[in-house]
Each structure stands twice: as C-alpha cells, then as structure tokens.
Number of protein chains: 2
Amino acid sequence: MTGHNRPNDEFKLIRQVTAMMKRTRSDQTLVSFGDDAAVYRPSKEQGQVVTVDTLVEGIHFTRRTMSPFQIGHKALAANLSDIAAMGGVPTYFLISLAVSPDWTEQELKEIYAGMSRLAERYHVDLLGGDTVFSPHQLMISITALGEVNEATLLLRSQAKVGHKVFVTGALGLAAAGLDILLQGSPLDVDQSLFFPLLKAHQEPEPHVQQGQIIARLAQNEAVALNDVSDGLASEANEIAQASGTDLVLEKEKLPVQEELLRYARKRGKDPYEWILKGGEDFVLVGTAGPDLFAVLSKTFSHHGLSLYDIGRVEPGEGRVWLEDNGKKVRLEPVGYNHFQKWGH
Amino acid sequence: MTGHNRPNDEFKLIRQVTAMMKRTRSDQTLVSFGDDAAVYRPSKEQGQVVTVDTLVEGIHFTRRTMSPFQIGHKALAANLSDIAAMGGVPTYFLISLAVSPDWTEQELKEIYAGMSRLAERYHVDLLGGDTVFSPHQLMISITALGEVNEATLLLRSQAKVGHKVFVTGALGLAAAGLDILLQGSPLDVDQSLFFPLLKAHQEPEPHVQQGQIIARLAQNEAVALNDVSDGLASEANEIAQASGTDLVLEKEKLPVQEELLRYARKRGKDPYEWILKGGEDFVLVGTAGPDLFAVLSKTFSHHGLSLYDIGRVEPGEGRVWLEDNGKKVRLEPVGYNHFQKWGH
C-alpha cells in the first residue's frame with residue numbers, strides 16, 4: 001500500500017483549486033480546509049439537509065461524451081438537484097476525488113472549474129474533501145449540504161388523492177443528448193441543431209430555484225417532490241409507492257421538447273421512451289392540491305419558469321398509469337439510469 | 001452506460017442493512033432513507049462538523065489483511081477520528097459505496113455490520129447514502145457529521161510556545177500490524193502474540209472520548225489537535241507549520257508499546273520508524289499549556305485513558321525536531337500512509 005500516493009503537486013493543485021472557488025458564506029464558515037474536519041454554523045431554526053452521490057467513470061460518465069469541465073458541473077448538479085427536491089437552500093459541498101493515473105492535472109483543474117462555476121451560481125461553498133489514488137478509474141463523490149424549513153418538508157410520501165401531478169421542465173432531453181453523443185459521426189447529426197439535448201446531458205441545470213419556490217408557497221400543505229434523476233416512470237412510481245396512492249400521467253399533457261421530437265424522428269424512435277424512462281434530467285416532479293398548483297403556476301410564470309400539469313393523484317395501491325386517449329396502461333418503474341440511490 | 005446497474009436485490013440488501021443499524025437520534029432525525037436527501041435538526045448553538053474520507057480497495061485496504069467486517073469498521077473509524085480531532089460529538093454518517101462485481105452480498109453485509117457495531121458504540125446514526133457499480137474495485141466514501149462547541153475549536157494552528165506536546169496513545173502499532181499481515185507465514189510469526197498490533201491495523205478505535213474531554217477542559221485555552229492518520233512526523237509538522245512554531249519531540253518520552261518492540265526486534269527493524277512514520281493509529285496528537293496538561297492528565301487517568309507528554313513547543317519557523325540525548329535532528333513530514341487529506 002506504500003508508494004501509491006499522489007505526488008506532492010496534488011497539494012499545489014488543491015491550493016489552486018481552493019483559490020479558484022469563491023467564498024460566499026464566510027460568516028457561517030468556521031473551519032474549512034486545513035484541519036481534520038470542517039466546521040460551520042447552521043442558520044437558526046433550519047433543518048440541515050445532506051446528500052451524497054458518487055459518479056464513477058465508465059458508469060456515470062466517460063470522457064467520450066463529456067469534457068472534464070462538464071463532468072465537474074454534472075457531479076455537483078446531481079447533488080444540488082437532490083437538495084432542490086427537498087426545497088432546500090444549498091449551502092456547502094465537499095468533494096472526495098479518487099484519481100486514476102490517466103487523468104492529467106489540467107483535466108482535474110477543469111473538473112474543479114466546472115464545479116466552481118456552478119457553485120458560484122448557487123452560492124454554495126466548497127467546505128472540504130479528500131483526494132485519493134484510484135488504480136483504474138476516476139470517481140467523484142460529492143456531499144452536498146443545505147438548509148430547509150422543518151415545517152415544509154417536501155417528502156415523496158405526501159401525494160394526496162385529488163392533487164395534480166406536475167413537472168418543472170421538459171423530460172427525456174438528457175437521454176436523447178447522450179444518444180446523439182454515443183452515435184458519433186456515422187449518424188451524420190448536426191449536433192448544433194440539438195444543442196438543448198446535448199446541454200441536458202452535459203450541463204444539466206438543477207432546479208434549485210423551483211424547489212425553493214415550491215417549499216415557500218407550500219407552507220403547511222402536503223406536497224410530494226422528487227428530482228427526475230432516474231426517469232419519470234421511476235420517480236413517479238416512488239411517489240406513488242411512498243404515498244400509497246396511484247398516479248395517473250396524461251400522455252397528451254407531457255411536455256415534448258421540439259428538438260427531442262425532431263431527433264426521435266431522425267432516429268426512428270418513439271420520443272416517449274426517453275420522456276418516460278430517460279434519467280438525469282434533474283427537473284422536479286411532484287404533486288400539489290389544485291389551489292396551490294394555481295398559485296405555483298402563476299409564480300413560476302412570473303419568474304419565467306416552466307411548470308406543467310401532467311396528471312392527477314387517484315386512490316390506489318401505489319401504482320402509476322399512463323393515460324392515452326382515455327385508455328390507462330400501467331407504467332412500470334423502469335428506467336435506464338445508472339444512478340442507484342438508497343431508498344429508490 | 002446502460003445495464004451496469006446493480007441488481008434489484010441491492011435494495012433488499014439496503015433494507016436489511018438499515019434494519020440492522022440502531023437508531024439513537026430519532027428526535028433529531030427528520031428524514032433519513034427514502035427521499036432525495038436526509039434532513040436533521042442540529043442541536044442549538046452547536047457548530048456542525050463535517051468530514052469525508054474515501055477508502056479505495058488495493059490502496060487503503062485489501063481483503064488480504066482485513067475482513068469485510070474490519071474494512072467497514074475501519075472506514076467509519078477513520079471518519080470518527082477526524083471528528084474526534086475537532087473535539088466533536090459525532091452524530092451521523094452517510095455511506096457511498098462503489099461495488100465491483102467480485103464482492104458478494106455476504107461480504108457487503110459484513111462491511112455494514114462492521115460499521116454498525118462501531119456506530120452503535122458512539123451513538124452515530126446512518127443517515128443515508130448511495131450505492132453504485134464500480135468496474136474494478138470497491139470504494140467506500142463516508143461522510144461523518146458531528147457537533148462542536150464553537151468557542152473551543154481545536155485547530156492545528158493553535159500551538160503556543162511553552163506548551164507541551166502530547167499524544168493520547170501508543171504509536172506505530174497499525175503500521176507494524178500491517179507489516180505482520182503482509183509477511184504472512186514465511187516469517188513464522190505467532191500472530192496471537194502481537195494481537196494489539198493487528199487490532200491497531202484492523203480495528204482501530206477512534207479517540208472520540210479523548211477529543212471530547214480535551215474540548216471540554218480546554219474552554220478558552222488554545223489547544224492544537226490532530227489525529228495521527230498520516231503518522232506522527234507528518235501530523236506534528238502540520239501543527240508546527242500551521243502554528244508557525246517549532247515542535248520538539250523528546251525521543252525518550254515517546255510511548256513504546258511492548259509488542260511493537262518485540263516485533264521490531266524479531267524483524268530486525270528500528271521500532272521508531274513505525275512510531276514516527278507509521279500512519280493510521282488514530283490516536284490524537286496535540287499541544288496544551290502546562291496547567292491545562294496537568295488537568296487533562298488527571299482527568300484522563302481518572303477515566304482510565306492514556307495521555308503522554310512527548311515534547312514541547314518552541315519558537316521557530318514551523319519545523320519539527322526529534323531530541324535524542326540532548327541532540328536535535330530535524331524530523332521531516334514523511335510517512336508511508338496513503339491517506340491524502342486536503343490541507344495536509
């Protein structure tokens with residue numbers, strides 16, 4: 001086990017990286033780098049949200065479809081999306097990086113640069129982490145922290161009969177974007193025509209603002225919320241199961257993005273395969289009472305944000321149905337996402 | 001990237017594992033498994049401590065020298081030790097496990113069982129995590145949370161001239177234990193004779209109680225504290241550098257464990273190589289004023305805990321010296337530990 005250490009210029013790298021990251025929470029941060037552990041002061045009366053997600057090279061990302069900058073972005077985005085799905089305000093993150101020898105210092109810096117830009121956008125501070133050697137592949141494990149009002153926890157178990165099902169953005173884009181990138185040149189796709197699909201795969205935006213608006217307006221009303229990391233079918237089933245109700249998704253209400261439709265046509269594929277089963281879109285799916293939904297709808301619109309009514313909660317045993325022309329078919333919790341989160 | 005998912009019985013495993021873990025903080029835990037992120041309520045007026053450490057198979061552990069149970073124990077112990085070095089009360093932990101195909105379900109369960117026993121001992125609750133597939137090796141990334149009194153942060157930058165240097169236990173044991181296990185049978189070592197060395201490598205005990213006593217008694221006095229994860233030479237240099245003072249370690253005061261001495265003799269090795277440079281002992285090294293040290297000494301003794309005066313803080317430029325028979329030689333920050341922690 002001796003001699004596997006990263007060289008000393010790792011520390012130079014870490015110094016450069018931490019210098020690159022903006023500090024926005026200096027009043028709350030008591031100890032960050034340079035000690036055994038980090039210490040911060042939580043805001044008064046706020047629940048602390050915490051989540052961890054690991055991305056493994058060759059499983060969750062490859063350099064074939066994403067640049068190091070995009071890999072950094074996406075690793076942090078996946079975690080911020082989990083905080084968003086709790087309606088939380090993200091505050092801090094920690095990185096544990098296991099680096100294999102085929103990654104250059106420049107590539108590692110770009111990973112951090114990708115995280116740094118996103119962190120700045122959401123006022124999230126890098127609080128600590130560690131770097132270890134990995135013989136075979138890069139792994140990025142991120143722990144994200146955030147704060148939430150204890151009174152309005154947006155749990156997936158809170159779907160109520162008569163409530164509407166909503167999503168905060170178009171679906172299936174990331175899966176279609178990955179499909180484009182995996183096809184490469186043989187398909188002769190002008191990638192610039194499908195920019196939104198590529199961006200959804202490479203630089204997804206976590207719906208942090210959306211989650212916070214929902215939490216703020218929900219107050220004491222029951223709202224279920226998930227992020228669509230594993231695909232709509234999978235996440236809707238989680239809500240249905242956790243709530244002990246059925247969810248009916250109305251096919252004609254599902255938002256269909258124009259580029260997705262065009263690309264599906266070009267590929268001779270059913271776009272609903274991606275819309276229903278494609279993961280990593282990081283939009284939010286949830287349920288809310290009709291009155292609250294109306295208020296949410298108005299507020300989202302006011303902020304230039306999307307909110308789609310895509311179905312309804314019905315009495316049942318925790319299953320999901322896709323309604324198409326008045327006919328309901330069972331939507332199984334299948335997806336082709338690789339993320340496996342506990343409790344899913 | 002499709003088809004690399006862990007089979008569905010992963011979820012069965014997770015259910016079994018979470019059922020195995022005791023819950024001790026149900027009043028503080030608002031959301032644990034089964035949602036996008038976990039939520040807990042911090043204790044009033046307490047700083048939140050957080051640390052992350054990743055162990056990679058083949059780098060930080062192998063099944064050759066440790067059982068899965070011991071690997072689980074050690075992964076959590078390394079994190080609790082970081083909390084201990086801040087004088088914190090550990091509260092929660094999250095696990096991110098990247099599992100390669102050569103690990104059986106039974107072995108994974110044993111990893112969790114090893115964590116579970118240690119978690120119970122320190123009243124630490126498993127709060128969440130994720131499990132992903134890894135093509136080549138097992139990786140365990142643990143995030144540990146804890147609480148600390150903001151008024152008494154035990155920072156490595158707080159060594160003061162005239163203060164004593166102390167350690168909370170014997171050193172070099174884990175490195176010697178690993179040496180035994182790597183020799184295997186050719187050396188014809190009766191391993192039972194060297195049980196404390198093996199235990200130090202395989203099931204190290206984090207000095208959580210010791211850290212808390214130090215934090216409680218330090219109050220407003222400056223105390224520097226580190227855990228000896230990277231070896232005494234390395235950690236003492238960190239304290240010296242961060243504090244801008246020199247540390248003088250007095251060789252004759254360094255505690256030498258009997259089994260270590262016997263094993264070094266058998267191997268024809270200098271035991272001080274292990275004592276000074278061996279990592280992963282997870283005892284604490286620190287500095288305190290003479291009056292406080294006297295109080296600490298008495299309290300440690302009262303609790304049946306060890307505390308050794310091993311040297312002194314002197315004016316200087318952040319270097320460490322080993323004093324032997326009145327002669328001082330420079331002790332460089334070298335060790336043969338593989339853990340690379342930011343800020344080290």
Side-chain angles (χ1 to χ4, degrees), chain A residues 1-2 4-6 10 14 30-31 33-42 47-54 56 58-60 82-83 85-86 88 94 96 98 127-137 139 141 143 145 148 150 153 155-156 178 226-227 242 336 338-343, chain B residues 1-2 4-6 10 14 30-31 33-42 47-54 56 58-60 82-83 85-86 88 94 96 98 127-137 139 141 143 145 148 150 153 155-156 178 226-227 242 336 338-343:
Chain A
M1 320 231 285
T2 310
H4 286 109
N5 290 350
R6 297 280 305 160
E10 179 205 344
I14 299 300
L30 304 175
V31 182
F33 298 95
D35 226 297
D36 299 279
V39 184
Y40 72 95
R41 181 186 297 131
Q48 299 298 299
V49 191
V50 56
T51 181
V52 60
D53 258 312
T54 299
V56 181
I59 306 294
H60 307 105
D82 281 326
I83 303 285
M86 301 302 289
L94 296 93
S96 191
L127 197 58
D130 73 342
T131 313
V132 296
F133 180 84
S134 163
H136 297 292
Q137 74 259 322
M139 293 218 199
S141 190
T143 302
L145 297 162
V148 76
E150 287 180 19
L153 296 175
L155 307 181
R156 55 183 62 158
L178 176 60
N226 260 10
D227 70 329
Y336 44 89
H338 31 256
F339 287 91
Q340 295 280 13
K341 186 98 190 177
W342 283 17
Chain B
M1 322 230 283
T2 311
H4 285 112
N5 290 349
R6 298 281 302 163
E10 181 204 343
I14 299 300
L30 304 175
V31 182
F33 299 96
D35 227 297
D36 299 279
V39 184
Y40 71 96
R41 182 186 296 133
Q48 298 299 299
V49 192
V50 56
T51 181
V52 60
D53 259 311
T54 299
V56 180
I59 306 292
H60 307 105
D82 282 326
I83 303 285
M86 302 300 289
L94 296 94
S96 189
L127 196 58
D130 72 343
T131 313
V132 295
F133 180 83
S134 163
H136 297 292
Q137 73 260 322
M139 294 217 199
S141 189
T143 302
L145 296 161
V148 75
E150 287 181 18
L153 295 176
L155 306 181
R156 55 182 65 157
L178 175 60
N226 260 9
D227 70 329
Y336 45 88
H338 31 258
F339 287 92
Q340 295 280 12
K341 185 98 188 175
W342 284 14

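A quick note: this is a predicted structure, and the numbers were derived from the prediction, not measured. Here is the naming used below: chain letters follow the sequence lines, and residue numbers restart at 1 for every chain.
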Minimum-distance pair of heavy atoms, taken over all atoms of B:Val56 and A:Phe133: CG2-O, 3.7 Å
Minimum heavy-atom separation for B:Asp35 to A:Leu155, with atom names? OD2-CA, 3.4 Å
Where does A:Ala38 contact chain B at under 4.5 Å (heavy atoms): side chain, backbone, both or neither? both
Max heavy-atom pair count under 4.5 Å with chain A, selected residue of B:His136, B:Met139, B:Gln48: B:Gln48
Using heavy-atom distances under 4.5 Å, tell me whether B:Val50 contacts chain A through its side chain, its backbone, both, or neither. both
Select, from B:Gly88, B:Ala242, B:Ser141, the one with the greatest count of heavy-atom pairs under 4.5 Å involving chain A. B:Ser141
Give a yes or no on whether the backbone of A:Asp130 and the side-chain of B:Asp53 come within a donor-acceptor separation of less than 3.5 Å. no
Under the side chain to side chain contact (heavy atoms under 4.5 Å, CB included) test, residues paired with B:Val49 that sit two or more places apart: A:Ala37, A:Val39, B:Ile83, B:Met86, B:Val148
